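Below: the structure, in structure tokens.
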Amino acid sequence: MHLPSPAPIDAPAVLDWYDHHARSLPWRVPPAERARGVAPDPYRVWLSEVMLQQTTVAAVKTYFLRFTSLWPTVFELAAAPLEAVLVEWAGLGYYARARNLHACAVAVVRDHGGVFPTTSAGLQALPGIGAYTSAAIAAICFDERVAVLDGNLDRVLARYFALAVPVREAKEELRAALQAAVPARAGDFAQAMMDLGATICAPRTALCMLCPIQPGCAATAAGDPTIYPVKPVKAERPVRKGHAYVMLDSAGDVYLQTRPDKGLLAQMTEVPGSDWSAALPEPSYPAQGAWRHRGQVVHIFTHFRLELEVWSAEVTPDGLDGGWWAEPGALAGEALPTLFRKVLAEAGLQ
DNA sequence: AACGCGGGGTG
DNA sequence: CACCCAGCGTT
């Protein structure tokens with residue numbers, strides 16, 4: 001429909017390129033070892049894939065090493081308290097992933113004897129594993145011949161086919177075109193295509209002279225590949241404003257509490273604050289004290305910009321309920337998202 | 001099908 | 001600044 005009688009993707013050329021130029025990554029089995037029969041550990045592949053959802057390789061590396069050091073197998077991760085997983089995940093974002101990660105580990109141990117399912121369909125039934133992640137694990141670990149389609153591939157394929165509409169409107173056509181190209185070395189092919197997107201066919205640059213599928217690329221033939229993928233119309237980012245209250249007791253400990261079970265930053269740790277709204281509310285201090293305005297923290301979420309006024313005071317802890325007092329030196333061990341680490345820093349802590 | 005959901009790297 | 005990243009679950 002949207003694809004003009006495309007040239008098939010040259011999988012042998014892609015694999016040959018991968019054999020020489022694969023990125024070395026902590027969770028990856030290099031192609032030479034894979035050829036000798038070394039199989040990737042599904043636990044490590046799964047963990048890396050969940051961390052890599054909407055997250056860059058550079059950001060994931062340290063978290064991956066930390067997690068695999070603390071919890072080398074799915075059994076240790078399943079036995080860990082959810083709170084410990086959230087603490088370690090803090091800073092990586094999209095915290096539903098951490099809750100689903102733990103739930104998935106528990107399910108694999110409880111329902112599958114600690115062995116991950118070996119098909120994309122079986123994997124997709126687990127928490128936090130969707131179309132992309134199930135395909136990626138099945139291909140990389142078990143060479144299931146399934147199309148592995150992520151954001152990198154959206155871009156590579158949109159260029160290869162000079163796709164005239166936003167990717168969302170042609171997703172299944174792209175999937176079918178990719179599926180038709182998947183070779184027996186399905187795992188290496190999937191990783192090769194993603195490496196291609198990350199290192200050659202990058203968002204702002206396209207090093208077409210190095211690309212193994214340049215001969216069939218419609219965008220290169222037409223001129224400038226970087227005009228693809230066509231962007232959908234973008235929504236404006238609204239501003240929300242609010243207050244954050246950093247309370248200290250006479251010992252210098254800071255008052256923390258847990259956010260609600262659902263919504264933004266669910267179940268993570270915070271300092272008390274106001275609602276966030278388009279107009280800045282009047283301050284409403286949660287306890288008596290000599291409140292001082294410490295400054296403003298600006299934090300960009302995907303769908304809005306947040307401006308928080310940061311206040312601090314030494315208070316008498318009357319009427320406070322549900323939270324706890326933390327020593328400033330122990331804040332690293334709290335499940336604090338980056339937003340609230342900025343707030344605490346603005347108030348002079350950590 | 002559209003939306004909510006973090007944070008950091010990059011140009 | 002804007003853009004985008006090895007997406008998923010909910011509605």
Side-chain angles (χ1 to χ4, degrees), chain A residues 22-23 25-28 40 44-64 86 89-101 103-104 123-141 146-156 158 166-172 178 187 189-199 201-205 226 228-229 231-238 240 259-260 262-268 270 297-306 335-342:
Chain A
R23 285 180 292 176
L25 300 171
W27 47 85
R28 177 175 282 181
R44 293 168 61 87
V45 172
W46 161 72
L47 178 60
S48 70
E49 292 297 345
V50 173
M51 289 182 166
L52 287 161
Q53 291 165 5
Q54 293 298 110
T55 308
T56 56
V57 166
V60 163
K61 277 184 179 172
T62 57
Y63 283 84
F64 178 83
L86 291 175
W89 197 276
L92 197 56
Y94 284 147
Y95 298 98
R97 293 187 295 176
R99 297 188 293 275
N100 285 330
L101 184 85
C104 183
L123 288 160
Q124 198 167 345
L126 291 164
I129 299 184
Y132 162 76
T133 305
S134 60
I137 299 171
I140 293 170
C141 296
V146 59
V148 180
L149 193 52
D150 73 333
N152 278 313
L153 269 290
D154 285 347
R155 180 179 58 257
V156 172
V167 167
R168 194 184 61 243
E169 299 177 29
K171 192 86 174 180
E172 291 314 309
L178 181 61
F189 179 72
Q191 294 172 97
M193 291 298 290
M194 291 189 280
D195 279 15
L196 193 56
T199 64
C201 199
R204 295 171 196 258
T205 55
T226 62
Y228 302 100
K231 309 271 72 162
V233 292
K234 59 172 187 281
E236 80 294 354
R237 186 163 13 224
R240 296 188 198 172
R259 290 179 59 81
K262 296 188 170 188
L264 189 73
L265 305 175
Q267 293 178 257
M268 300 298 287
E270 66 171 0
V297 163
V298 175
H299 192 75
I300 308 297
F301 292 97
T302 303
H303 49 298
F304 65 95
R305 168 193 173 95
L306 178 64
L336 282 162
T338 297
L339 166 63
F340 293 106
R341 296 200 184 274
K342 287 187 195 173

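Here the structure is a predicted model, which means the values were calculated and not measured. Chain A is the first sequence line, chain B the second, and so forth, proteins listed ahead of strands; every chain is numbered from 1.
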task = Check for a donor-acceptor pair, side chain of A:Arg97 on one end and backbone N or O of A:Leu92 on the other, with a separation under 3.5 Å.
result = yes
ask   = Looking only at atom P, what distance separates B:dG9 and C:dC8, rounded to whole Å?
value = 23 Å
task = Can you tell me the distance, in whole Å, between the CH2 atom of A:Trp46 and the C1' atom of C:dA6?
result = 16 Å
query = Can you check whether A:Arg28 has a side-chain N or O nearer than 4.0 Å to OP1 or OP2 of C:dA6?
reply = no
ask   = Whole Å only: how far is the CZ atom of A:Phe189 from the P atom of C:dA6?
value = 17 Å
Nucleotides 9-11 of chain C: which of its N/O atoms have a protein N/O under 3.5 Å away?
| residue | atom | partner | partner atom | Å |
| --- | --- | --- | --- | --- |
| C:dG9 | OP1 | A:Gly128 | N | 2.4 |

remark   = Of all heavy-atom pairs linking A:Ile300 and A:Arg305, the shortest is CD1-CG, 3.7 Å
request  = Please work out if A:Arg99 contacts a base, only the sugar-phosphate, or nothing of the nucleic acid, heavy-atom cut-off 4.0 Å.
outcome  = nothing
Heavy-atom closest contact (A:Ala90 atom, A:Tyr63 atom, distance) = O-OH, 3.0 Å
message = Does A:Ile137 reach a base, just sugar-phosphate, or nothing at all? Heavy atoms under 4.0 Å.
response = nothing
query = Is any N or O donor-acceptor pair between the side chain of A:Arg168 and the base of B:dA2 shorter than 3.5 Å?
reply = no
request  = Rounded off to whole Å, could you give me the CE-to-P distance for the A:Met194 and C:dC5 pair?
outcome  = 13 Å
message = Base, sugar-phosphate or nothing for A:Ala131? Non-hydrogen atoms, less than 4.0 Å.
response = sugar-phosphate
query = A:Tyr132 and A:Gln53: side chain to side chain donor-acceptor pair (under 3.5 Å), yes or no, with the steps?
reply = CA-CA 9 Å; A:Tyr132 162 76; A:Gln53 291 165 5; over 6 Å; no
key: Residues A:Arg168, A:Asp154: salt bridge by 4.0 Å N-O rule   = no
key: Contact state string [nucleotides 3-11 of chain B, B base, S sugar-phosphate only, - no protein heavy atom under 4.0 Å]   = -SBBBS--S
Euclidean distance, atom CG of residue A:Asn152 to atom P of C:dC3 [Å, nearest integer] = 18 Å
ask   = Would the A:Trp27 and A:Phe64 ring centres measure less than 6.0 Å apart?
value = yes
query = Atom CD of A:Glu169 to atom P of B:dA1: distance rounded to whole Å?
reply = 11 Å
ask   = In whole Å, what is the span from the CG atom of A:Leu52 to the P atom of C:dC4?
value = 19 Å
key: Rounded C1' spacing from C:dC5 to B:dG6 in Å   = 12 Å
key: Salt-bridge present (A:Arg28, A:Asp195; N to O < 4.0 Å)   = yes
message = Strictly distance-based, threshold 3.5 Å: is any side-chain N or O of A:Arg44 a donor or acceptor partner for the main-chain N or O of A:Pro26?
response = yes
message = OP1 or OP2 of B:dA1 versus the side-chain N and O atoms of A:Lys171: is any pair under 4.0 Å?
response = no
inquiry  = Please confirm whether the shortest side-chain N or O distance from A:Thr133 to OP1 or OP2 of C:dA6 is below 4.0 Å.
reply    = no
key: Nearest-angstrom distance from the residue atom OH of A:Tyr63 to C1' of C:dA6   = 18 Å
inquiry  = Restricting to non-hydrogen atoms, name the atom on A:Ile129 and the atom on A:Ser134 that form the minimum distance, rounded to 0.1 Å.
reply    = CG2-N, 3.5 Å
note = Minimal heavy-atom distance between A:Ala139 and A:Val146, with the atoms involved, is CB-CG1, 4.2 Å
note = Atom CG of A:Leu101 and atom C1' of C:dC8 are separated, to the nearest Å, by 13 Å
message = Taking B:dG11 as the reference, what is the distance to C:dA6 when you measure between their P atoms (whole Å, please)?
response = 14 Å
